[in-house]
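Given the structure is predicted, the values throughout are model-derived calculations rather than measurements. Quick note on labels: first sequence line is chain A, next is B, and so on, each numbered from 1. We use all heavy atoms of the structure for the numbers below, so side chains are in, but hydrogens, waters and symmetry mates are not.
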Amino acid sequence: MPELPEVETVRRELNQMIKGQTITAIDVRYPKIVVNPIAQFKQLLIGQELVDVGRRAKYLLFHFGDDLTMISHLRMEGKYQVRDNLQDFDKHVHVIFTLSDGRYLGYRDVRKFGRMEVVPRTAELTTKGIAKLGPEPLTPAYTYETLADGLQRKKKNIKTVLLDQQVVSGLGNIYVDEVLWQAQINPEEPANNLTTAQLTALYSAINDTIQAAIAAGGTTIRSYVDAAGNQGQFQLQLRAYKQDGKPCQRCGTTIEKIKVGGRGTHFCPHCQKLN
DNA sequence: CTGCGGGCCTGTCAGC
DNA sequence: TGCTGACAGGCCCGCA
């Protein structure tokens with residue numbers, strides 16, 4: 001499911017719903033979701049108060065009182081649910097936290113790709129996966145120079161580089177297709193072959209698209225809902241992703257779907273030509 | 001170091 | 001209808 005705008009939406013919902021709660025029990029029904037040994041995971045978190053939920057790119061950072069962070073990555077399908085009764089969780093809910101007010105926080109993940117791990121808060125940004133993340137859109141670290149310099153050093157196609165999280169973080173398959181359409185760049189263009197005009201357009205397109213998607217509460221294609229069960233609305237504004245067979249909203253040419261780097265890729269063959 | 005393919009899992013959908 | 005294979009908002013690992 002989730003790219004930066006969806007994870008940010010979940011983060012805001014969790015803060016509204018469960019910030020300030022203390023974990024009183026944990027039921028791990030599918031142990032591989034949890035990176036720590038299960039006994040350690042429980043021992044560290046039970047009794048801890050959730051101070052706030054932060055985020056780095058697509059990672060949720062649950063900050064607990066005793067300088068602990070639970071890093072949670074939703075991968076393809078992970079989602080959090082807050083419920084009053086245990087019976088409200090189905091077979092795809094793999095970790096359940098009992099909260100001090102009697103509610104439950106469940107982690108549901110049909111494909112079981114997601115992972116959660118407790119680390120000292122001082123280590124949260126140097127943990128594997130997070131340590132190598134590039135700057136993310138809408139932050140001071142994300143500048144035109146970091147984007148242009150980063151892309152200059154990559155020979156791979158632009159789509160693969162934008163999905164890689166090292167030059168810029170937070171984009172996934174949906175938003176990469178969207179920003180490349182917006183900036184009129186062919187997804188197979190070598191990253192170090194973009195013109196200055198394309199770099200300028202891409203830099204802005206990334207910020208603008210992520211901002212609009214957050215404002216819309218993310219994109220719901222198949223299954224994404226936020227922690228309150230709400231669907232996103234950005235799918236109504238998509239102009240490339242899943243638009244194959246439809247006319248390009250800029251030029252009317254039929255949007256095509258191809259494979260780039262093994263990922264389904266949607267683009268307009270007329271306004272996104274190779275340089 | 002980079003690039004590529006496979007793995008992790010389950011569900012859905014198109015095509016035969 | 002039933003089966004089979006491809007595909008799905010992501011990331012990691014091992015190998016060449």
*P atoms of C:dC13 and B:dC9, separation to the nearest Å*: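 C:dC13 and B:dC9 have their P atoms separated by 14 Å.
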*P gap between B:dG5 and C:dA6, integer Å*: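 It comes out at 15 Å once rounded to the nearest Å.
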Is there a side-chain polar atom (N or O) of [X] under 4.0 Å from OP1 or OP2 of [N]?
| X | N | answer |
| --- | --- | --- |
| A:Lys155 | B:dT2 | no |
| A:Lys257 | C:dC7 | no |
| A:Lys154 | B:dG3 | no |

_Letter per nucleotide, 5' to 3', of nucleotides 10-16 of chain B [B base touched, S only sugar-phosphate touched, - untouched; heavy atoms, 4.0 Å]_ = BS-----
*Going 5' to 3' through nucleotides 11-16 of chain C, assign each nucleotide B (protein heavy atom under 4.0 Å from a base atom), S (under 4.0 Å only from sugar-phosphate atoms) or - (no protein heavy atom that close).*
BSS---
Between [N] atom [atom2] and [X] atom [atom1], what is the distance in whole Å?
| X | N | atom1 | atom2 | result |
| --- | --- | --- | --- | --- |
| A:Arg153 | B:dT2 | CZ | P | 9 Å |
| A:Ile258 | C:dA6 | CD1 | C1' | 17 Å |
| A:Ile33 | B:dC9 | CD1 | P | 9 Å |
| A:Asp109 | C:dA8 | CG | P | 18 Å |
| A:Lys79 | C:dA8 | NZ | P | 17 Å |
| A:Leu74 | C:dG10 | CG | P | 11 Å |
| A:Asn173 | C:dA8 | CG | C1' | 9 Å |
| A:Phe113 | C:dG10 | CZ | P | 11 Å |

Base, sugar-phosphate or nothing for [X]? Non-hydrogen atoms, less than 4.0 Å.
| X | value |
| --- | --- |
| A:Tyr241 | sugar-phosphate |
| A:Gly264 | sugar-phosphate |
| A:Lys242 | nothing |

*How about A:His270: does its NE2 atom have over 12 heavy atoms from other parts shown lying under 6.0 Å from it?*
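No.
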Would [X] and [Y] show up in the same hydrophobic cluster when neighbours are defined by side-chain heavy atoms closer than 4.5 Å?
| X | Y | value |
| --- | --- | --- |
| A:Val167 | A:Ile210 | yes |
| A:Ile96 | A:Val118 | no |
| A:Tyr104 | A:Val34 | no |
| A:Tyr203 | A:Ile158 | yes |

Do NZ/NE/NH1/NH2 and the carboxylate oxygens of [X] and [Y] come within less than 4.0 Å?
| X | Y | result |
| --- | --- | --- |
| A:Asp109 | A:Arg111 | no |
| A:Asp66 | A:Arg121 | no |
| A:Lys58 | A:Glu6 | no |
| A:Glu8 | A:Arg55 | yes |

*Can you name the residues that form a side-chain hydrogen bond (donor to acceptor under 3.5 Å, both in side chains) with A:Asp90, not counting sequence neighbours?*
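Applying side-chain hydrogen bond (donor to acceptor under 3.5 Å, both in side chains) to A:Asp90 gives A:Arg108.
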*Could you run through DNA chain B and flag its stems, i.e. three or more consecutive Watson-Crick or G-U pairs with both distances under 3.5 Å?*
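As far as DNA chain B goes, consecutive pairing (with distances under 3.5 Å) yields the stems B:2-8 with C:10-16, B:10-16 with C:2-8.
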_Pairs where residues 246-273 of chain A contributes a residue and the test salt bridge (Lys or Arg N to Asp or Glu O under 4.0 Å) is met, not counting sequence neighbours_ =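 Checked against salt bridge (Lys or Arg N to Asp or Glu O under 4.0 Å) - neighbours excluded - no pair reaches residues 246-273 of chain A.
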_ring pair (Phe, Tyr, Trp, His ring centres under 6.0 Å) partners of residues 144-189 of chain A, not counting sequence neighbours, each pair once_ =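 Sorted result for residues 144-189 of chain A: A:Tyr175-A:Phe234.
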